[in-house]
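First the structure, in the form of structure tokens, and then the observations on it.
Every chain is numbered from 1 and lettered A, B, ... according to where its sequence line falls, protein lines coming before strand lines. These numbers were taken from a predicted model, which means no experiment stands behind them. The figures here come from the full heavy-atom set of this structure, side chains too, leaving out hydrogens, waters and symmetry mates.
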Amino acid sequence: MLVFLIRRLSQSLVVLLVMSFLVFVGVFAIGDPVELLVSPDADQFERARVIRDLGLDRPLWEQYGVFLLQSLKGDLGNSFVFNQPALQLILERMPATLELAFAAVIIAIVIGIPLGMVAGLRPHAWYSRMIMSVSILGFSLPTFWVGLMMIMLFAVMLGWLPASGRGETVDLLGVPVSFLSEDGLRHLLLPAINLALFKVSLVIRLTRAGMRENMLMDYVKFAYAKGLSHGRVIFVHVLKNILVPIVTVVGLELGNVIAFAVVTESIFAWPGMGKLLIDSIYRLDRPIVVAYLMITVLMFILINLIVDILYSVLDPRVRIADVKS
Amino acid sequence: MRFATGLIAAAFAAGAFATAGWSAELKVGVMAEPNSMDPHYHTLTPNISMAAAVFERLVEHDETQNKIPGLAESWKQLAPNVWEFKLRKGVKWHDGSPFTAADVVFTYGRAGNVPNSPSSYGLYTKVVKEFEVVDDHTIRFKTAGPFPLMPDYASQIFVISKKNGEGATTQDYNSGKAMVGTGPYKFVEWVPGNHIAYAKNADFHGNKPEWDKVTVRPITNDSARVAALLAGDVDFIDFPSTVDIASLRKNPKINLSQVQSTRMIYLHLDSNRDKSPFVFDLNGQPLDKNPLKDARVRKALSLAINRQAIAERTMEGLSVPAGQYMPSNVYGTAPDLKPDPFDVKKAKELLAEAGYPNGFAVTVHGPNDRYVNDEKVTQAVAQMLTRAGIKADVVTMPSATFFQKSSALEYSVMLLGWAVGYADPSNPLRALLQTYNKATGAGATNRGRYSNPALDAKIDAALNAPTREEWAKLTQEATRIAVADTAIVPLHFQVNVWAMRKGLTYAARADEYTLIQSVRTAK
């Protein structure tokens, strides 16, 4: 276990280093943030001052070196645009994104697994066919379009739910969350469903495939032969077996949803960190982009780790020591 | 995206939308969020719009860009280099302390010296070399030489309280600690990315604020902002996209307010080099001579463009053809200068006269995320040039890349925009058309490196004029010189639009600021 963790962490460090370098060079190649920051009627002296203040007058390797040294101390630099620590700006917006992402994944699991099981058990029934057809829509409709349609229907035409924003927040252990107030929940519902659509379809398909495969297996026949009830066979034995791939995929999707919920966040004006990333890319705010992607990489590493550990819990044949990263 | 937007708009027109209840709370949705509450941190439109609710300036601009008294009741030029401002008496800061000349001196000491400012107000403060406080409500600004633009520059600086501002950092403004102004609204809180909240300042000395509470939310996505208005989430939004305007106009529950902007969209031409990177002969080979150096060719480009068609079709009615660099109602412009007519025949004649009877080829570069419909306008311009014999290709890109490359002189014909927060027609002349000079700060944004000694001299004379009147006369003459030489090709002024629920009004502003104090219930 310890060897496994050490190996994992050292690999992560290499990934972080390579990634920060690529982003650094990439943003440098796109353009010059000073052109976007300074007022158009600024004279040459003012431009020179801004370039100097942001440290952009130094050669790229030196800027990168300074960044590496600072990041060892946990300082990922100050945003060019906000003049605040990049890390702080991202962490400030993280609770909103985490809340949205977890809500979406919970919706995906709560809706996806039961529907997938139904579709897997009775693959030829009309309702199973309907579930599968609808799940194709979930896969293929673009998120932004569905989001706008939902706003049109539920907010504009029916007036049931607010069109955008986060609504009222309540502090839970010092973190502002919105799912504890009615207003907050109403605001959360549409974006969470919008973000969940794709995942629901994914979970339905995975569950169905797992169901169909497992129901034909010998252990299921054996369980029935032993006289176990239908419910026990399905919910204890089969479900446990099909959960392994679902956990993996949902875990990875969770990372995706947290890191890249950008489209949903901007359509619903959800004040999360995805919107911060997009704005920062447009503004060439390099410290935020680098810090964001480093956090993302760390998060994926962490999620993978948790998934691997869950694996060994769900499937006793898998031992942590055997899992190669 | 376009399709979805259209549908949303159609849904509105069809009826059914929830109206917000009548209350003294105003909810606003804005396209762009400020990056700080500090009124001196960044000379950026969203920052200025939001700061203007809390802080005031000595000189203010009304919605059509006339100068009106702010914290100064009146101002006059005592000598070419001395301006006197009479400050308003009886004005109180939000904490109850009185406003005096000491606050103004303190403000000028800070405004240009905010650490790590991405674009500093030093531009407007550094010209003042000395202050003379005559009494608590009279202050004189002295400059090194004659300076006719002092009221313009004073209209850019938000005055902060010395008592609350001493030692305050940008962070203290963001947290609200130092957010003590004299303006119509008091600052309540800023949750970045989420909202900014204000409360009424009942003691405001001017036009009484109407709303007990104002919440401003950034909703950057155009369709989402319109949807939020239609759903009744917000009462008022800025800059609905041009595709939504027609259906909003038909919607009986929505009011629109619009005005011609001071933002000029123009073509900058690489007009000073012997070879230009994106000018070719008709076979795509580089030309050994740069045709854009020839004023006749530049004029031909201008004549080839049908500005009316761009305004009507590409901009869906939301632009006004431009014949100079500021709308002609602004003091210092030449009101009789009209946009160049659309005249392909004359354009072809001029090209032939300049030695290009068969035309030549250019690539027109433009941004695709900066100005209203910028990509479409660039394409329209290129088609029009091609019809007049100048075979034009189009390349558009995100502003992140475009502005760096255009400043690095990598292009030949560029679509750009220009606006400043105060209507000063000498400003585009100096920044865009004066010969680029690092030592004096002239021509800082002259991306075509246009250079004309006669014009340079006239602009210098204007900026050093002893009086406003003299300045206006010289600026007008300089504008005529530049326009006669087609130094740049002005295309149009954008039209700024705000949308609100029925029952509200907004004094639409030429300077693009979204001011919550100007949103009022219709009488």
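- Judged as a salt bridge (Lys or Arg N to Asp or Glu O under 4.0 Å), not a single pair has a partner in residues 415-441 of chain B (not counting sequence neighbours).
- B/Tyr411 and B/His365 have parallel rings, their planes meeting at less than 30° on a 0 to 90° scale where 60° marks the start of perpendicular.
- A donor-acceptor contact closer than 3.5 angstrom is absent between the side chains of B/Asp222 and B/Ser241.
- Taking a cutoff of 4.0 Å between a charged side-chain nitrogen and a carboxylate oxygen, B/Glu189 and B/Lys213 do not qualify as a salt bridge.
- The contact between B/Ile219 and chain A is made by backbone and side chain atoms together, counting heavy-atom distances below 4.5 Å.
- Interface residues of residues 46-54 of chain A toward chain B, defined by a heavy-atom distance below 4.5 Å and sorted by number: A/Glu46, A/Arg47, A/Arg49, A/Val50, A/Asp53.
- Taking a cutoff of 4.0 Å between a charged side-chain nitrogen and a carboxylate oxygen, B/Asp235 and B/Lys27 do not qualify as a salt bridge.
- Looking at B/Asn437 and B/Thr435, their side chains never bring a donor and an acceptor atom within 3.5 Å of each other.
- Heavy atoms closer than 4.5 Å to chain A are found in the side chain of B/Lys126, but not in its backbone.
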Please table the atom pairs, donor to acceptor, closer than 3.5 Å between any side-chain atom in residues 63-70 of chain A and protein atoms at least two apart or in another chain.
| unit_1 | atom_1 | unit_2 | atom_2 | d |
| --- | --- | --- | --- | --- |
| A/Gln63 | OE1 | A/Arg286 | NH1 | 3.1 |
| A/Gln63 | OE1 | A/Arg286 | NH2 | 2.8 |
| A/Gln63 | NE2 | A/Arg58 | O | 2.7 |
| A/Tyr64 | OH | A/Leu17 | O | 3.3 |
| A/Tyr64 | OH | A/Ser20 | OG | 2.9 |
| A/Tyr64 | OH | A/Phe21 | N | 3.4 |

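- Between the side chains of A/Asp41 and B/Tyr124, at least one donor-acceptor pair of N or O atoms lies under 3.5 Å.
- Paired with B/Arg225 under the rule salt bridge (Lys or Arg N to Asp or Glu O under 4.0 Å), one option of B/Asp233, B/Asp238, B/Asp244 passes, and it is B/Asp238.
- Using a 4.5 Å heavy-atom cut-off against chain B, the contacting residues of residues 90-99 of chain A are A/Glu92, A/Arg93.
- Between the side chains of B/Gln434 and B/Asp460, at least one donor N or O lies within less than 3.5 Å of an accepting N or O.
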